[in-house]
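Note sheet for the following structure.
Lettering follows sequence order; numbering is per chain, from 1.
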2 protein chains.
Amino acid sequence: MANITEIARQAKVSRSTVSRVLNDHPYVTVQKKEAVLEAIRSLDYVPNRNAINLSKGKTNIIGVMVPQINHPFFNNLISGMGEACSRLNLSLLVTPTNNDFEKEKVSFDQLRYKQIDGLVIASTVSSAEFLAEVNRHGPIVSCEWSEGSHSQVYIDHSNGIELIMNHLIERSYEKIALCLGNPDSGVGKSRKNAFYEFVDKSKIIHLKEWYFEKKYSFEDGRAVMNDLYGLSALPRAIVVGNDYVAAGIIHQAKLLNVKVPEDLAVTGFDNQSISEAMGITTIDQPIHQLGIEVIKTIDSLINGQHKNVGNTLPLQLISRQST
Amino acid sequence: MANITEIARQAKVSRSTVSRVLNDHPYVTVQKKEAVLEAIRSLDYVPNRNAINLSKGKTNIIGVMVPQINHPFFNNLISGMGEACSRLNLSLLVTPTNNDFEKEKVSFDQLRYKQIDGLVIASTVSSAEFLAEVNRHGPIVSCEWSEGSHSQVYIDHSNGIELIMNHLIERSYEKIALCLGNPDSGVGKSRKNAFYEFVDKSKIIHLKEWYFEKKYSFEDGRAVMNDLYGLSALPRAIVVGNDYVAAGIIHQAKLLNVKVPEDLAVTGFDNQSISEAMGITTIDQPIHQLGIEVIKTIDSLINGQHKNVGNTLPLQLISRQST
DNA sequence: TTGTACGCGTTATCAT
DNA sequence: ATGATAACGCGTACAA
């Protein structure tokens, strides 16, 4: 209710002086400063953010556009961003888009409206041309690789298989099976390629019947283990593209009295909570860190660093009892 | 860049008329309206949100205060809130507090600053008196039961054990064990009480050695199963306060050739993803729905419904293969 | 060191 | 139906 004018009246100074006190500007005597602070206390004054925003053309709010909130990746990302924002005294405005173009436009317009100082794009269905247009109105940073010249910070997924294979080789596993989800998806293809490249250029032994695909669930994993068990030649390790499938394999392995990792080593992907619960060696995406980095990037962009950047973060291997 | 004045100049009308067109107000001829719309298009104009906010004293932003973002409960809650906000054309400002009083004050001040129209408190460490004080400056709704007269919408945890026990009785399980986490926490106490009340007033059989506490992890669950297995008298079912512990019990049961649910039925709590993966009957908290309800509540509060409300949402049983 | 006066972009009120 | 003009609350050159 109380505004700067009332404070000025009560403290018997001008509004400018009140403003100076509020913003810690120099050139104000201790007496007046005290008087102003006293008036602020007694009137229970708080500055109106909207007025400040209008006057400064800045809100200290960062927007983030995500397809959905209730998803491990985006949740983790938002969490990292929230932490970094809190440190930088920024606020975080979250907009779920459901991968809907119209919803995305709402978020883009917030940037043009000056409701947010910068926009972080976790994932988008909009075109590179559209992003370029939006970028003219304010800083944007994308968390996935995409065309276009705007800033990007994203996780380098290419080396996941490499990390796992090196880990297995270090531990002297040579007969290695592979179990993927959708082999035609982007990650599926790159993982499959990486695996077979590795097989070619090393002394790893890999049989045709040691390859499984389209495995997505705990139950699928149990079935894989049963299939493996029926083979005449058993691998010593299996690389799995999903923690839940890996968990199913381990579960069934124990039922079949196959010891993990002594008889069969198992690795998962994504460091889901089930992998920690069951002690599965897996690959962690530094998503939280990505959230922090992306806020640092957009913050420096907002503060005048107008050259766009492209950074990547590497994956990390989490070694547990299953290898 | 372009503002309302430029539009007015280009369309050869007054700023008032532009504002009328922008807000769909009556009393403006089709010709002038067209001229204004044309100017808006040609100058690529978007209204400045901060100016509107200042002028209207309203932002259409809802704030939400959470201890942490990266937590299943709060993530789900934020997700529901995001969905509801999107439907009501509201934005969602997320503030992680880390249960720090000072961080919470930042969020409270946003309400007083008029940066947000209403505040949702997922969980707080501040006192009821403090909340009452904040409530004088703007609408707040809390997602957990608390003292004080502000609006509250929360999940009624009291009937979880009841739902499970009725379910087990329906399926004719009579010899029932209990396995809790921290027995001295709020939920621990209420679950323990509810269980033993049930035992007293029904024909359920429960032996002293069928009670376990301070079990939190998958490994703890395996140990519980081993303990059970060593007993002379086995229960036919075990009620577990945590999905991970339940998963560990089932895992170990299979290793011991104890069939689930034929020899031993197992129930979990919280409907975590591992319970779906392993087919565990569990209790679901309607958290997403809570998020939706809480936004509806604060929205009606903002729009003049100034009587405070207190609503609860019931828990739900998810029946799967483990019973 | 302090105060005056204006600008920020919009909506609302009141004439006309 | 339209257009001045006054809020909204604050920051800030500029003057003193």
Review point. Below 4.5 Å, heavy atoms only, C-beta onward: do B/E102 and B/K105 meet side chain to side chain?
Key: yes
Point to revise | Min side-chain heavy-atom separation B/S126-B/F108 under 4.5 Å | key: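 Touching, per the 4.5 Å side-chain cut-off.
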Report which part of the nucleic acid [X] touches: base, sugar-phosphate, or nothing (heavy-atom distance under 4.0 Å, all strands).
{"X": "A/Y45", "value": "sugar-phosphate"}
{"X": "B/T17", "value": "sugar-phosphate"}
{"X": "B/I52", "value": "sugar-phosphate"}
{"X": "B/V13", "value": "sugar-phosphate"}
{"X": "A/S19", "value": "base"}
{"X": "B/P26", "value": "nothing"}
{"X": "A/N50", "value": "nothing"}
{"X": "B/N53", "value": "nothing"}

Is it the case that the base of [N] and the side chain of [X] share a donor-acceptor contact (distance under 3.5 Å, atom types as modelled)?
{"X": "A/S55", "N": "D/dT12", "result": "no"}
{"X": "A/R15", "N": "D/dG11", "result": "yes"}
{"X": "A/R20", "N": "D/dG11", "result": "no"}

Review point. Nearest nucleotide by nearest heavy atom, which residue falls closer to the 5' end of DNA chain D, B/K12 or A/I4?
Key: B/K12
Point to revise | No-hydrogen, no-angle side-chain donor-acceptor test under 3.5 Å, A/S16 and A/S19 | key: no
Taking atom [atom2] of [N] as reference, at what distance in whole Å does atom [atom1] of [X] sit?
{"X": "B/K58", "N": "C/dG9", "atom1": "NZ", "atom2": "P", "value": "23 Å"}
{"X": "A/I40", "N": "D/dC10", "atom1": "CD1", "atom2": "P", "value": "10 Å"}
{"X": "B/R9", "N": "D/dT2", "atom1": "CZ", "atom2": "P", "value": "20 Å"}
{"X": "A/K114", "N": "D/dC10", "atom1": "NZ", "atom2": "P", "value": "22 Å"}
{"X": "A/I7", "N": "C/dT2", "atom1": "CD1", "atom2": "P", "value": "17 Å"}
{"X": "B/Y113", "N": "D/dC8", "atom1": "OH", "atom2": "P", "value": "21 Å"}
{"X": "A/Y27", "N": "D/dG11", "atom1": "OH", "atom2": "P", "value": "19 Å"}
{"X": "B/R112", "N": "D/dG9", "atom1": "CZ", "atom2": "P", "value": "16 Å"}

Distance below 4.0 Å between [X] side-chain N/O and [N] OP1 or OP2:
{"X": "B/N48", "N": "C/dG9", "value": "no"}
{"X": "B/K32", "N": "D/dG3", "value": "yes"}
{"X": "B/S16", "N": "D/dG3", "value": "no"}

Review point. Closest to the B/N23 side chain: C/dT11, D/dG11, C/dG3?
Key: C/dT11
Review point. Quick one: which of D/dT2, C/dT2, D/dG9 gets closest to the side chain of A/N3?
Key: D/dG9
Review point. Would you call the rings of B/F130 and B/F101 parallel, tilted or perpendicular if under 30° counts as parallel and over 60° as perpendicular?
Key: perpendicular
Exercise for review: Provide the closest heavy-atom pair for A/P286 versus A/L313 in the form atom of the first, atom of the second, distance.
Suggested key: O-CD2, 3.9 Å
Review point. Counting heavy atoms not belonging to B/K33, are there more than 12 under 6.0 Å from its NZ?
Key: no
